[in-house]
Amino acid sequence: MNILIIDDQVFIREAIKADLVTSTLVNDFQTFEAEDANQGIDAIAAIEGHIDLLILDLKMDNSDGMEVINFLSVHAHYANIPLAVISSADKRTLGLVSSIARSLKLNLVGVFEKPVHVDFILAEATRLQNQHRNATEVKALASVSDNDITQLLADDHILLCFQPQVNMKSKGISGFEVLARMYDENGYIYPDTFLPLLDKAGLNVDFTKLIIAKAFKFWASEEVLSHYTLSINVTAEDLISESLIDYIISLKQAHSHIKLTLELTESQAIINEASALNSIARLIINDIGISLDDFGKSYSTYERLDTIPFNEIKIDRSFVCDIDTNEQHHLIVESTIALAKKMSVSVVAEGIETESVLNILSELGCDIAQGYLYSPPMEGRYLKAWINSYMNKDIVANAH
Amino acid sequence: MRIDISDNLRHFFVRYNEERRLSLWQALLDELVSIKVQAQFVESDEQLNAVKHKFKGICRYLAIEFDMQMAQIISAEQLLDVVGHIYEQVVAIKDEL
């Protein structure tokens, strides 16, 4: 592992290196050092971007970390270097730098106050690298064509993954969100690749129907799963398909013990159509929960609140993931939770990756937590083992 | 502004082996000398703030919580006084490493 530390203070570079040596997360590594932005940029070029982690101080003698950030952003082949910004600056400045780095599409591990916890940075960098690797694999599969996707759907090349949702007060598992993957001989195809193809092929509703059928079949096959809510994504377009709504209601009636929530995304224009509102009413009457997904992301967020009867708000991950460092996002999440409380609906926060974010959400009164901190989406075959392991952990924690 | 940081220093160094402790101690001492030298040549508020920022970074690593007091440092003389005080304590702890 190659780690480049750019900091103008030798003591801080030495302290970081000392922590790397004592870390259990990295065995074989080589450090490179630079004491200002120019030296850092030269080092990046000299090792041709073969850097697994770049630890960058923000404020340095004769230069600042923003020069390096700008350099990375204009050289696409360096933009994927995992970047951890460190500083003694105030939180607001850290939040601003975080926003800038993200908007420049850099591979940001995080923006951290000194002193940094090297183990945490290493764990985050590894996670990001794995994500990047997956994204690269997906990109390589971008050649999946309209015909392929139709065939894959016909051949049922769909795999359901489930991500747990945890009640923040009781710490118990409250439910699971279904996340679909398609696959071919090369491996997984992720939603950002297959959804546009399904849309183009006019297969959205067929796809949703298939997902719901598979999810119900799986949920009904294991008695233990009936304790947990099954959350499935539906689009506004799905709502105007009367046959799909009939199908969902018939499944729910046939399996009344399954607690179903539909997470509603996308366009306000369709939702306003009388047929879509009629569908929502039918779903609610049949004891199917409605969750407003990606809350806060769209300009029509508040219009949705006014139009749709719902019992859950799901705050978009982009606001949640950095509330410990981004003051604006903290305010947005805080206000959304307060609004939900006033409306007597529950709040789900997705995209929780750290204890720090979880603790803040707990203080703000968020009801349900979802994110990699608990588990990435997992295939159904691992679900029971995960539930057992989580529950045993919970029992042990309570015993202590 | 006087603050006893001997426990902070012990707590910081104890995590590392002896060889690493000594090299970190030397790096810390060099850094404090560098800050003292820079503080002696401060000619503007901007320069003072830049040196204070460096000192703040070191304090954070040593878990010395005096951000509030740091805000009260408004002259190079005051900064030199505080840095000098910390420097003496770092020198004094060498025998324990």
Side-chain angles (χ1 to χ4, degrees), chain A residues 5-27 29 31 33-37 55-67 84-94 96-97 110-122 325, chain B residues 5 8-9 11-39 41-42 44 46-71 73 83 86-87 89-91 93 97:
Chain A
I5 307 166
I6 307 177
D7 195 305
D8 59 341
Q9 293 186 269
V10 67
F11 169 66
I12 288 174
R13 296 201 302 270
E14 288 297 322
I16 291 171
K17 286 196 295 182
D19 286 344
L20 285 168
V21 170
T22 56
S23 172
T24 53
L25 296 179
V26 60
N27 297 319
F29 70 93
T31 52
E33 296 176 54
E35 59 182 26
D36 62 33
I55 299 176
L56 173 66
D57 186 23
L58 207 50
K59 189 170 179 178
M60 291 177 281
D61 273 348
N62 310 320
S63 62
D64 60 61
M66 291 310 295
E67 291 177 38
V85 178
I86 60 171
S87 180
S88 309
D90 61 274
K91 282 194 164 62
R92 206 180 157 141
T93 308
L94 301 186
L96 178 64
V97 173
V111 180
F112 305 95
E113 273 187 286
K114 289 179 182 174
V116 293
H117 297 283
V118 165
D119 275 349
F120 179 75
I121 292 179
L122 286 169
T325 54
Chain B
I5 63 155
N8 301 65
L9 292 170
H11 188 255
F12 175 77
F13 286 113
V14 77
R15 290 180 288 167
Y16 308 106
N17 65 31
E18 189 181 348
E19 186 188 354
R20 186 64 67 172
R21 279 203 292 268
L22 286 170
S23 75
L24 277 169
W25 178 84
Q26 189 60 55
L28 176 59
L29 209 65
D30 292 347
E31 197 71 56
L32 289 169
V33 169
S34 164
I35 288 173
K36 277 169 72 175
V37 170
Q38 288 180 56
F41 294 98
V42 159
S44 65
E46 195 186 12
Q47 287 178 354
L48 177 65
N49 285 336
V51 184
K52 275 171 67 178
H53 183 82
K54 283 189 165 186
F55 185 49
K56 190 172 155 188
I58 290 177
C59 291
R60 290 267 183 94
Y61 265 85
L62 299 176
I64 304 170
E65 290 174 8
F66 67 155
D67 281 9
M68 291 283 278
Q69 291 94 321
M70 193 83 85
I73 296 174
V83 177
I86 300 289
Y87 177 87
Q89 294 182 68
V90 173
V91 171
I93 206 164
L97 299 178

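What you see below is based on every heavy atom in this structure, not just the backbone, and it leaves out hydrogens, waters and symmetry mates. What you see is a predicted model; the values in this text were computed from it and never measured. Naming convention: chains lettered A, B, ... in sequence-line order (proteins, then strands); numbering from 1 in each chain.
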Write down the atom of [X], the atom of [Y], and the distance for their closest heavy-atom approach.
X        : Y       : result
B:Trp25  : B:Val91 : CZ2-CA, 4.1 Å
A:Ala37  : A:Asp64 : CB-O, 3.6 Å
A:Phe112 : A:Ala84 : CE1-CB, 3.9 Å
A:Ile6   : A:Asp36 : CG2-O, 3.5 Å

- Item | A:Gln9 side-chain N/O to B:Lys54 backbone N/O, donor-acceptor pair under 3.5 Å |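 Such a contact is found between A:Gln9 side chain and B:Lys54 backbone.
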Is [X] in contact with chain A via its backbone, its side chain, both, or neither, using a 4.5 Å heavy-atom distance?
X       : answer
B:Gln38 : side chain
B:Ile35 : side chain
B:Leu62 : side chain

- Scan for salt bridge (Lys or Arg N to Asp or Glu O under 4.0 Å) pairs involving residues 24-39 of chain B, sequence neighbours excluded, and state none if there are none.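 Not a single pair qualifies under salt bridge (Lys or Arg N to Asp or Glu O under 4.0 Å).
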So for [X], is it side chain, backbone, both, or neither that comes closer than 4.5 Å to the heavy atoms of chain B?
X        : result
A:Val116 : both
A:Asp7   : neither
A:Ile16  : side chain

- Query: Hey, mind stepping through B:Ile93 and B:Leu9 against side chain to side chain contact (heavy atoms under 4.5 Å, CB included) and telling me if it holds?
  - Reply: CA-CA 8 Å; B:Ile93 206 164; B:Leu9 292 170; 3.5 Å; yes
- Run the numbers on A:Lys114 and B:Lys56 for side chain to side chain contact (heavy atoms under 4.5 Å, CB included), then give the verdict. CA-CA 9 Å; A:Lys114 289 179 182 174; B:Lys56 190 172 155 188; over 6 Å; no
- Message: side chain to side chain contact (heavy atoms under 4.5 Å, CB included), that's the test. Do A:Val21 and A:Phe29 meet it? Break it down for me.
- Response: CA-CA 9 Å; A:Val21 170; A:Phe29 70 93; 4.1 Å; yes
- Task: With chain A as the partner chain, list the residues of residues 12-21 of chain B whose heavy atoms fall under 4.5 Å from it, by residue number, and write 'none' if nothing qualifies.
- Result: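 Near chain A, by residue number: B:Phe12, B:Arg15, B:Tyr16, B:Arg20.
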